[in-house]
Amino acid sequence: MTAPEQQLARVVALLEANRPEQALTELGKVGGSAATGRLAYRCRTIALSELDRWDEVAETARRGLAEVGPDAELLGRLGRALREQGALAPAERALLDALALEPEDPWLLCQYADLCTSVGQTDKAGRLVDRAAALAPEEPAVYASRIQLAYARGDDRSAQRAAREFLGRHPDHPAALALHGSVAVAAGRVGEAHRSFGRAVAHDPADADYAEAAWETRVYAHPLLLPLRPLYRLGFRLWFAVAAAIVVLNLAGLRIVALVVSVAWVLYCVWSWVAPPLVRRLVRGRWRP
């Protein structure tokens, strides 16, 4: 194995270890024709994608395609970057070109499914996800697309079930931990969410989104915000339930009780507005991932 090949092997190992910054540094040391080869361009776009540097992903993918010719991985990365930039029509074109080269690639199928989900084509997205799942049922991208599609369909239970399955199959995968945290937030389980995001940061410290989510859930897991957990979990359903209870108490002639409940609810609402910024300031001074 030549020196450039050894360097590229180290780059691949760094990417597998969720260390994209170091992978990019190592790529900068690759010389000769290997630096502009197919594998180098693929690794560079993957590393940049992990860092959410979508402008650079698109630029690198285009440069790689011009250098090495049609490549399903580079086209897929270009499609993902364009979707993140909001250029949906060019993103679809890139993903269809990628699938024309690799029609049975689960990751590409999921990328196209995510694009369809983002524009409301949930039936088409569902067929694509089912096809990807038939090819690679335990692929992380399949789980992520299933969760995104379930939320787009308004099926929170399916999203939560998919998140649990994802974490069960890949307990140390940062994306599995982060998606489990996101689902826990949506269900009002902020303590559980904070633990998941904290573990995601531990496995992928370079991801700023994971760190921000871990810090934010640390705020909402604070004991001073414990009384607000029902509000986070139930949302407007809690408002309606309290309003209905006040009406029923008034109709039943229990006006004093209704007044007490009303005052307590007003104080609760004030606390829900005042407490989070105060706790955020308190936590910011003591802890930040």
Side-chain angles (χ1 to χ4, degrees), residues 8 11-12 15-16 18 20-21 23-24 27 30 33-136 139-153 174-175 178-179 204 206-209:
L8 286 174
V11 170
V12 172
L15 289 173
E16 290 175 347
N18 292 310
E21 288 278 14
L24 288 174
L27 274 168
V30 178
S33 60
T36 55
R38 191 179 301 271
L39 179 57
Y41 276 115
R42 285 181 173 182
C43 289
R44 190 170 287 108
T45 56
I46 292 171
L48 291 168
S49 297
E50 291 297 318
L51 296 169
D52 294 339
R53 290 157 60 174
W54 301 113
D55 291 345
E56 294 175 72
V57 173
E59 179 185 349
T60 302
R62 289 192 179 102
R63 190 165 64 246
L65 290 166
E67 188 77 28
V68 305
D71 182 89
E73 178 72 31
L74 293 178
L75 285 164
R77 296 291 166 181
L78 176 60
R80 171 70 188 280
L82 291 171
R83 177 167 69 86
E84 294 289 343
Q85 293 173 330
L88 300 184
E92 182 177 31
R93 182 70 268 160
L95 290 171
L96 288 173
D97 289 345
L99 284 166
L101 296 172
E102 296 287 347
E104 300 300 306
D105 186 294
W107 182 80
L108 289 173
L109 289 167
C110 288
Q111 293 306 306
Y112 192 27
D114 292 346
L115 176 64
C116 292
T117 298
S118 68
V119 296
Q121 297 177 358
T122 54
D123 290 341
K124 184 176 180 180
R127 292 192 295 272
L128 289 163
V129 173
D130 288 344
R131 185 175 163 191
L135 294 166
E139 175 73 22
V142 172
Y143 284 110
S145 294
R146 282 175 56 197
I147 295 167
Q148 182 175 329
L149 178 60
Y151 274 127
R153 287 172 166 170
L179 284 169
D204 189 1
D207 195 301
D209 291 337

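Position 1 is the first residue of the sequence, and the numbers go up from there.
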Which heavy atom of [X] sits nearest to which heavy atom of [Y], and what is that distance?
| X | Y | value |
| --- | --- | --- |
| C116 | K124 | SG-CD, 3.7 Å |
| T122 | A152 | CG2-CB, 4.1 Å |
| C43 | V12 | SG-CG2, 3.9 Å |
| A136 | P106 | CB-CG, 3.7 Å |
| V129 | S145 | CG2-CB, 3.8 Å |
| A98 | G76 | CB-N, 3.9 Å |

From [atom1] ([X]) to [atom2] ([Y]), nearest 0.5 Å:
| X | Y | atom1 | atom2 | value |
| --- | --- | --- | --- | --- |
| I46 | T60 | CD1 | OG1 | 12.0 Å |
| D114 | L109 | CG | CG | 11.0 Å |
| L82 | R93 | CG | CZ | 12.5 Å |
| R62 | L75 | CZ | CG | 11.0 Å |
| R83 | W54 | CZ | CH2 | 8.0 Å |
| L65 | R77 | CG | CZ | 13.0 Å |

What I'd like to find out is whether the side chain of [X] reaches to under 4.5 Å of the side chain of [Y], using heavy atoms alone.
| X | Y | answer |
| --- | --- | --- |
| L108 | L101 | no |
| E56 | L24 | no |
| L8 | L27 | yes |

Quiz item: Do R127 and D123 sit within salt-bridge range, that is, some charged N less than 4.0 Å from a carboxylate O?
Solution: no
Practice problem: Only counting residues at least two apart or in another chain, list the ones meeting salt bridge (charged side-chain N to carboxylate O under 4.0 Å, His left out) with R44. | Solution: none
Quiz item: Pairs in or reaching into residues 99-108: which pass side chain to side chain donor-acceptor pair (under 3.5 Å), with residues at least two apart or in two chains?
Solution: E104-R131
Quiz prompt | Residues which pass ring-ring contact (aromatic ring centres under 6.0 Å, His included) with Y143, listed by chain and number, not counting sequence neighbours | solution = F166
Quiz item: Are the side chain of T45 and the backbone N or O of R42 linked by a donor-acceptor pair below 3.5 Å?
Solution: yes
Quiz item: Got a donor-acceptor contact below 3.5 angstrom from the R38 side chain to the V68 backbone?
Solution: yes
